[in-house]
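For reference, the structure is listed below as structure tokens.
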Amino acid sequence: SDVYKRQPRAVGAPSALPTRASTHPARYCARVPRDEDLIAPSLPPWTALVGELGAALTTLDPTDAVLVLPVRDLAELPELLAGIGLPGSDLLAAHDPGVVTGRVTTIPLPPGRYAVRTVLVVGLGEGSGDDWRAAGAAVGRATRERPEVLHVVDEALAEGDLAAYVEGAVLGGWAAPRWTAGGIRAGVPATGRRVVLTAPGSEQIVAPAVERARAQLVARSLATVPPNVKSPAWLAATARRAARRTGLEVRVWTERDLR
């Protein structure tokens, strides 16, 4: 097509359409600076710990750490809060947390006095798998830019519910990359870490759940690509790049193959 060819213009007139070389999606993406890889979304590292709450708290930086307590029954809270030396009954009266699914109650704490800076209480509703996923997503959104987050889950939690919670938290904590004049930037910096305090035997659930969520985020990242960049050639090149990283084979069908 001649649409990409530079058109004649009068001296001093604004430039016409750029050349094909400057607008071709593959070439454009190759020269755009980026700190975000669309097929490897930026995420903070997730780990699982088994043990007592007190021991887990010693691994955190108390200046800005967040303690997340998912609850179905508010009667559970005083004991949990007592684990970090907090007066549970007084805090319940002051902040009035709820157990509605996904409701997040933020309890800020004085700096330097406790093992964490903030406590988040998130409601679990009836405690179904969907409730755990929604609660995780709500907490993920609430802690996107916090450096350290410790999630304390029920020791008797079913594996499927734990996986749903972690997937929801990973998905909720992600933000779409930004396409700026300076390049592709991560929506949220992947700083700090996320820790799940769980029961023995459940720690192997966390890593696969994070990877499943990461796969979903690849699709979400690709959906953000502007249409003037996301051409069939760009999609084919991206598929090849993803395949090389994972050891898969890719076949790209040409126009002739499709006839």
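Heavy atoms only: backbone and side chains are in, while hydrogens, waters and symmetry mates are out.
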Summary of side chain to side chain donor-acceptor pair (under 3.5 Å) pairs that have at least one residue in residues 99-122, sequence neighbours excluded
Thr101-Asp131, Thr118-Arg146

Shortest non-hydrogen contact from Asp161 toward Gly129:
OD1-CA, 3.2 Å

When you look at Tyr165 and Val139, which way does the side-chain contact (heavy atoms from CB on, under 4.5 Å) test go after all the steps?
CA-CA 10 Å; Tyr165 177 80; Val139 166; 4.2 Å; yes

What pairs of residues pass the salt bridge (Lys or Arg N to Asp or Glu O under 4.0 Å) test when at least one of them lies in residues 204-226, not counting sequence neighbours?
Glu167-Arg212, Glu211-Arg214

Does anything in residues 44-53 form a side chain to side chain donor-acceptor pair (under 3.5 Å)? List the pairs, not counting sequence neighbours.
none

Asp37 and Arg241 have their tightest heavy-atom pair at OD1-NH1, 3.4 Å

Test side-chain contact (heavy atoms from CB on, under 4.5 Å) applied to Leu157 and Thr198, step by step:
CA-CA 9 Å; Leu157 184 62; Thr198 185; over 6 Å; no

Sequence neighbours left out, what pairs pass ring-ring contact (aromatic ring centres under 6.0 Å, His included) with at least one residue falling in residues 53-102?
none

Name all pairs fulfilling the side chain to side chain donor-acceptor pair (under 3.5 Å) condition that reach into residues 250-259, sequence neighbours left out, sorted by first residue then second.
Thr254-Asp257, Glu255-Arg259

For Leu150 and Leu60, what are the C-alpha separation, side-chain angles and deciding distance, and is it a side-chain contact (heavy atoms from CB on, under 4.5 Å)?
CA-CA 8 Å; Leu150 173 62; Leu60 304 178; 3.8 Å; yes

Considering residues at least two apart in sequence or located in another chain, which fulfil the salt bridge (charged side-chain N to carboxylate O under 4.0 Å, His left out) criterion with Arg141?
none

Locate the shortest heavy-atom distance separating Pro177 from Ile184; write the atom from each residue and the value.
CB-CG2, 4.2 Å

Would you please name every residue forming a salt bridge (charged side-chain N to carboxylate O under 4.0 Å, His left out) with Arg178, sequence neighbours left out?
none

If you look only at distance, which donor and acceptor atoms sit under 3.5 Å apart when one is on a side chain in residues 66-94 and the other is two or more places apart or in another chain?
from	atom 1	to	atom 2	distance (Å)
Arg72	NH2	Asp154	OD2	3.0
Asp73	OD1	Ala75	N	3.0

Remaining members of Val250's ILVMFWY cluster at a side-chain heavy-atom cut-off under 4.5 Å?
Val252

Residues that Ala242 engages under side chain to side chain contact (heavy atoms under 4.5 Å, CB included), provided they are two or more places apart:
Ile39

According to side-chain hydrogen bond (donor to acceptor under 3.5 Å, both in side chains), who are the partners of Asp130, at least two apart in sequence or on a separate chain?
none

Could you check whether atom CD of Gln204 has more than 12 heavy atoms from other residues, nucleotides or ligands sitting under 6.0 Å from it?
yes

Taking salt bridge (charged side-chain N to carboxylate O under 4.0 Å, His left out) as the test, write out the residues that go with Arg244, two or more places apart.
none

Closest non-hydrogen atom pair, Ala175 against Val188:
CB-CG2, 3.3 Å

Closest contact, heavy atoms only, Ala138 versus Gly102
CB-O, 3.3 Å

Residue pair Leu49 / Ala56: nearest heavy atoms and the distance that separates them:
CD1-CB, 4.2 Å

